[in-house]
Amino acid sequence: VVVVRITSPLAWLRTRFYYLLIRLYFDQEFSIEEFTRGAKQAFSVVSKLLSQHKLDLLDELVSAEVLQVLKEKISLLPDNHRDALAADLDAIMYTTEGDVRIYYDDDGRKFVRILMRFWYLNGANLPDEVPGETKVFQIVFGDESTKEKRHLLTANYEFQREFTEGAKPDWTITRIEHPRLLE
């Protein structure tokens, strides 16, 4: 699969400027490549746990607010939509950062948020008319009677880390969006 990415030059410069600020003021070892690898792994693990309805295992990975919303939404999902949430690491076709934010709260705590966008293949039995979803492949193995249909789905996960001295150096997922599946 070939992905052609056309990015706004201003958005590209803005994100690169924020990465520079993160390295200069918060974490000298920060690397967007390493962060992206970790974000892909976290996305794969969290999406599989969501699809298996194992929300109790998400406590350390997902913020309490997001977890509460997920508990309500997941219980209402049909099985095929729940199956479509799962993304194997090798099924992630493309990943890009969306938005990068650095902010301070009223107590002087320092935070960095990075929104990651994922495109992944999934073989869930979704209807062809699912809006917002792109039908990409029908793979034929052997003969015409053996077809495997794959859907290219998208997900947005926002990662946050507190950089205040003494805070845990862990990234937490503060937003999970699977458009048209988890609404």
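FYI, side chains are in, hydrogens and waters are out, and symmetry mates aren't considered; it's all heavy atoms of this structure.
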Among T164, I102, L21, which residue meets the side-chain contact (heavy atoms from CB on, under 4.5 Å) test with F26? I102

Checking the side chain of D107 only, and the main-chain atoms of R109 only, is there a donor and an acceptor separated by less than 3.5 Å? no

Verdict with reasoning, M116 to T36, per side-chain contact (heavy atoms from CB on, under 4.5 Å): CA-CA 8 Å; M116 297 297 292; T36 300; 3.8 Å; yes

Would the Y25 and F163 ring centres measure less than 6.0 Å apart? no

When rounded to the nearest 0.5 Å, the distance separating CH2 of W171 from CD of E162 is 12.0 Å

Run H151 and L121 through side-chain contact (heavy atoms from CB on, under 4.5 Å) and show every step you take. CA-CA 5 Å; H151 298 275; L121 288 176; over 6 Å; no

Are side-chain N/O atoms of Q160 and T172 paired as donor and acceptor at under 3.5 Å? no

Salt bridge (charged side-chain N to carboxylate O under 4.0 Å, His left out) partners for K48, two or more places apart: D88

Closest approach of D83 and N122, non-hydrogen atoms and distance? O-ND2, 3.3 Å

So which atom in H178 and which in I176 form the shortest heavy-atom distance, rounded to 0.1 Å? CD2-CG2, 3.8 Å

Over 60° means perpendicular and under 30° means parallel, so classify the ring planes of Y157 and F43, tilted if in between. perpendicular

Measuring from L181:CG to H81:NE2, what's the distance to the nearest 0.5 Å? 6.0 Å

Q28 side chain to R23 side chain, donor-acceptor N/O pair below 3.5 angstrom: no

Separation between CE of M93 and CG of D90, rounded to the nearest 0.5 Å: 9.5 Å

Roughly how far, to the nearest 0.5 Å, is the CG atom of L85 from the NE2 atom of H53? 10.5 Å

Does the side chain of T96 come within less than 4.5 Å of W119's, by heavy atoms? yes

Testing the basics here: between A84 and Y120, what is the closest heavy-atom pair and its distance to 0.1 Å? O-OH, 2.8 Å

Where is the tightest heavy-atom contact between R117 and G98, given as atom of each residue plus distance? NE-CA, 3.8 Å

If Ile, Leu, Val, Met, Phe, Trp and Tyr residues are connected whenever their side-chain heavy atoms lie under 4.5 Å apart, and connections chain through other members, are L24 and F30 in the same group? yes

Ionic contact status for K168 with E60, cut-off 4.0 Å: yes

Non-hydrogen side-chain atoms of Y19 and V100 separated by less than 4.5 Å: yes

Is there a path of hydrophobic side-chain contacts, each under 4.5 Å between heavy atoms of I/L/V/M/F/W/Y residues, joining I74 to V69? no

So CZ of R161 and CZ of R113: to nearest 0.5 Å the spacing works out to 15.0 Å

Just by distance, do the side chain of S47 and the backbone of S44 share a donor-acceptor pair under 3.5 Å? yes

Looking only at heavy atoms, what is the nearest atom pair of L57 and L61, with distance? O-CD1, 4.5 Å

Evaluate R101 against D99 for salt bridge (charged side-chain N to carboxylate O under 4.0 Å, His left out), listing each step before the verdict. CA-CA 7 Å; R101 286 181 276 156; D99 189 26; 3.3 Å; yes

Once you measure the plane-to-plane angle for F35 and F159, does it fall in the parallel (<30°), tilted (30-60°) or perpendicular (>60°) bin? perpendicular

I'd like to know if L115 and Y18 are part of one continuous hydrophobic network [Ile/Leu/Val/Met/Phe/Trp/Tyr, side-chain heavy atoms within less than 4.5 Å]. no

Joint hydrophobic cluster, V66 plus F111, side-chain heavy atoms closer than 4.5 Å: no

What's the spacing between L50 CG and K71 NZ if we round to 0.5 Å? 12.0 Å

I want to check something: taking the side chain as every heavy atom from C-beta on, are D59 and V62 in contact at a cut-off of under 4.5 Å? no

If you look at every heavy atom in A86 and S51, which pair is closest and at what distance? CB-OG, 3.4 Å

